[in-house]
Number of protein chains: 2
Amino acid sequence: MVNKKDDNQTEKAILEAADKVFTQKGFAAARMEDIAQEAGINRALLHYYFRSKDKMFDLIFQQRVSIFFSGLGQIMHSEKPLIEKIQAIVEHEITILLAHPYLPIFVLQELNQNPHRMLAIAENAGAHPSLLLKKFSVEVRAEIKAGTIRETDPAQLFMSIMGMAIYPFVARPVVKIILEKDDVGFESVMLQRKKEITDFIIHALKP
Amino acid sequence: MVNKKDDNQTEKAILEAADKVFTQKGFAAARMEDIAQEAGINRALLHYYFRSKDKMFDLIFQQRVSIFFSGLGQIMHSEKPLIEKIQAIVEHEITILLAHPYLPIFVLQELNQNPHRMLAIAENAGAHPSLLLKKFSVEVRAEIKAGTIRETDPAQLFMSIMGMAIYPFVARPVVKIILEKDDVGFESVMLQRKKEITDFIIHALKP
DNA sequence: TTTCAGTTTAACAATACAGTTAAATCAAGT
DNA sequence: ACTTGATTTAACTGTATTGTTAAACTGAAA
């Protein structure tokens, strides 16, 4: 019932190829031919598996977004103390982005072009994204009241955490040039960065 | 010698339109027709002024990149004390990005697709970008030796500064949803953010 | 009035691309 | 051997888009 490759091997190859091409080029610049070549097959078979470019893109995009935000919700809603939670967020984000370096620029670029997609996905995910920040804010304010951290706006703090962790990947080519690193060097800098960011935040929050 | 509009009025209108369309959609998704409509003219006149889409894009892109990095070099090479310099960088970046909110995602997305462009532009700009970091590093290490700031890796610090300032604009649609703000609200949050980031960094660097 | 650059209109050519299809091939299971 | 589904080949349709062109129009300047 199956040919050369076992069962859904081809489908998987296509999805991987589509992911790679869409992620690197974005929807508009991606060509079905590119995806086919990357998957080692031809255009006809692409349409045999996935009807249209749009359908393929929607699939990939949803997957990518969920990877991008995966785990984050879980960590944010966990019952860890604030500092540990921040540390977990930073480590989680950097780990994910080391495995998917082109993920954030892709997702953010496409979201910028179709902001409505964000809402659709958010609803799909169940909880409204602003709830993430709500719980975080309560915890930050509690620590401030308890005197364990300095007076800070929780939203601003949240943006700082995300910015420090994610931005280097978004600006990857610039960073590589300024730091004079190749891909390997970049990765090792990002590994160090996990601890660096956490330390930075801990000191910044000291009363 | 001139028609309805004075001299280079049209050229200016075209450049502004091209900037808007390219910046919002990226090169691949941008249509010459879009640009023409945005400029209030027709496609033919577009080619009358600028031969091709590529030529127009190159112009716009160079302009945008130079805006993105403009002033930064000047500040970095100034003789301000370190903390003031950091403060100046943050204020400068956020001020620029408030005026050009879609700038970073555009530049970074196109750079990710054509990293070689970065080098071309860098050379064009005269100085190698890594020199920016070199001077900064020396200054940071001097302050560390003098005991005025905590032991920190200069490159990591630099990425943190840039990330905190720039990332919210890159992730603008996400930020707006999580913070439940409209465009006006977003801008006011970013205005506050100037001081927030500087304070954050100052505290993080305290020995 | 004539001239001339800027501008519009309305085609056109050339290409690129998405999507479809029919027929042939191939590899495995029956 | 026959069947069946996966895959390729190769063509095709239709449309979007870039780029070009010729002709007409316009309004200011000479």
Side-chain angles (χ1 to χ4, degrees), chain A residues 1-64 106 109-110 113-114 117, chain B residues 1-64 106 109-110 113-114 117:
Chain A
M1 211 173 274
V2 174
N3 216 356
K4 295 164 190 170
K5 327 226 168 174
D6 32 323
D7 232 337
N8 53 4
Q9 198 67 23
T10 307
E11 188 170 332
K12 219 175 138 188
I14 293 178
L15 284 174
E16 268 171 34
D19 176 51
K20 189 170 175 184
V21 174
F22 278 136
T23 304
Q24 274 180 21
K25 304 200 169 188
F27 176 78
R31 306 279 159 249
M32 293 300 264
E33 179 62 31
D34 299 337
I35 298 174
Q37 277 193 22
E38 181 70 35
I41 56 165
N42 51 5
R43 267 184 9 262
L45 198 58
L46 234 53
H47 287 94
Y48 178 84
Y49 275 89
F50 305 92
R51 229 181 305 251
S52 73
K53 187 184 179 184
D54 293 86
K55 287 214 198 318
M56 276 193 63
F57 181 78
D58 286 343
L59 265 177
I60 299 293
F61 188 67
Q62 284 230 354
Q63 279 184 15
R64 294 297 102 176
F106 166 67
Q109 153 80 4
E110 298 294 342
Q113 273 181 59
N114 287 328
R117 273 211 168 101
Chain B
M1 211 172 273
V2 173
N3 216 356
K4 295 166 190 167
K5 325 222 169 177
D6 32 324
D7 232 337
N8 53 4
Q9 198 68 24
T10 308
E11 187 170 333
K12 218 174 137 190
I14 294 178
L15 283 174
E16 267 172 34
D19 175 52
K20 188 169 176 184
V21 173
F22 277 136
T23 303
Q24 274 180 20
K25 304 199 169 188
F27 177 79
R31 305 280 159 248
M32 294 299 264
E33 179 63 31
D34 300 336
I35 297 174
Q37 277 191 22
E38 181 70 35
I41 56 166
N42 51 3
R43 266 183 12 261
L45 198 58
L46 234 54
H47 291 283
Y48 178 83
Y49 275 89
F50 307 91
R51 229 183 302 256
S52 73
K53 186 184 179 184
D54 294 84
K55 288 215 197 317
M56 276 192 63
F57 182 78
D58 285 344
L59 265 177
I60 299 294
F61 189 66
Q62 283 231 354
Q63 278 185 15
R64 294 296 101 177
F106 166 66
Q109 153 79 4
E110 299 294 342
Q113 273 179 59
N114 287 329
R117 273 209 169 107

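Naming: A, B, ... by sequence-line order, numbering from 1 per chain. Small disclaimer: the values here were computed from a predicted structure and weren't measured.
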Query - All stems with DNA chain C, defined as three or more consecutive Watson-Crick or G-U pairs under 3.5 Å - result: C:1-30 with D:1-30
Query raised in the report: D/dT21 P sits how many Å from B/Arg51 CZ, rounded?
Result: 11 Å
Query - Interatomic distance, B/Asp54 CG vs D/dT17 P [rounded to whole Å] - result: 16 Å
Report task. Report the residues that fulfil ring-ring contact (aromatic ring centres under 6.0 Å, His included) with A/Phe50, sequence neighbours left out, ordered by chain and then residue number. Result -> none
Query raised in the report: Do the two ring centres, one from A/Phe22 and one from A/Phe57, sit under 6.0 Å apart?
Result: yes
Query raised in the report: Given atom CZ of A/Phe50 and atom P of D/dA6, what is their separation to the nearest angstrom?
Result: 13 Å
Query raised in the report: Separation of B/Glu33 atom CD from D/dA16 atom P, in whole Å?
Result: 12 Å
**Report entry** Nearest-Å distance for atom pair CD/C1', residues B/Gln37 and D/dA16
**Finding:** 15 Å
Report task. Figure out the CD1/C1' separation between B/Ile14 and C/dG6, and round it to whole Å. Result -> 11 Å
Query raised in the report: Less than 4.5 Å apart, any side-chain heavy atom of B/Lys25 and any of B/Arg31?
Result: no
**Report entry** Residues that A/Asn114 engages under side-chain contact (heavy atoms from CB on, under 4.5 Å), provided they are two or more places apart
**Finding:** A/His116, A/Arg117
**Report entry** For atom OH of A/Tyr49 and atom P of D/dG5, their distance in whole Å
**Finding:** 13 Å
Query raised in the report: To the nearest angstrom, how far is B/Gln9 atom CD from D/dA28 atom C1'?
Result: 16 Å
Query - Closest approach of B/Ile35 to B/Ile14 (non-hydrogen atoms, all atoms of both residues) - result: CG2-O, 4.3 Å
Between N or O atoms, less than 3.5 Å apart, protein on one side and nucleotides 9-13 of chain D on the other: list the pairs.
none

Query - By side-chain contact (heavy atoms from CB on, under 4.5 Å) - contacts of B/Lys55 (at least two apart) - result: B/Arg51, B/Ser52
Requested in this report: Look at B/Tyr48 and C/dG6 and indicate whether a side-chain polar atom (N or O) is within less than 4.0 Å of OP1 or OP2.
Outcome: yes
For a quick test of your reading: what N or O donor-acceptor pairs under 3.5 Å do the side chains of residues 37-44 of chain B make, sequence neighbours left out?
from    : atom 1 : to      : atom 2 : distance (Å)
B/Gln37 : NE2    : B/Glu33 : OE2    : 3.3
B/Glu38 : OE2    : B/Lys20 : NZ     : 3.2
B/Asn42 : OD1    : B/Leu45 : N      : 3.4

**Report entry** Smallest separation among heavy atoms of B/Leu46 and B/Met32, with atom names
**Finding:** CD2-O, 3.3 Å
**Report entry** Smallest separation among heavy atoms of A/Phe27 and A/Glu110, with atom names
**Finding:** N-OE2, 2.9 Å
Query raised in the report: Listed in order of residue number, which residues of residues 22-32 of chain A have a non-hydrogen atom at under 4.0 Å from DNA chain C?
Result: A/Ala30, A/Arg31, A/Met32
**Report entry** Residues that B/Lys53 engages under salt bridge (Lys or Arg N to Asp or Glu O under 4.0 Å), provided they are two or more places apart
**Finding:** none
Query raised in the report: Which nucleotide in the list C/dG6, D/dG19, D/dT20 gets nearest to the side chain of B/Thr10?
Result: C/dG6
Query raised in the report: The side chain of A/His47 lies closest to which of these nucleotides: D/dG19, C/dG19, C/dT7?
Result: C/dG19
Query raised in the report: What are the two closest non-hydrogen atoms of A/Arg64 and A/Thr23, and how far apart are they?
Result: CD-OG1, 4.3 Å
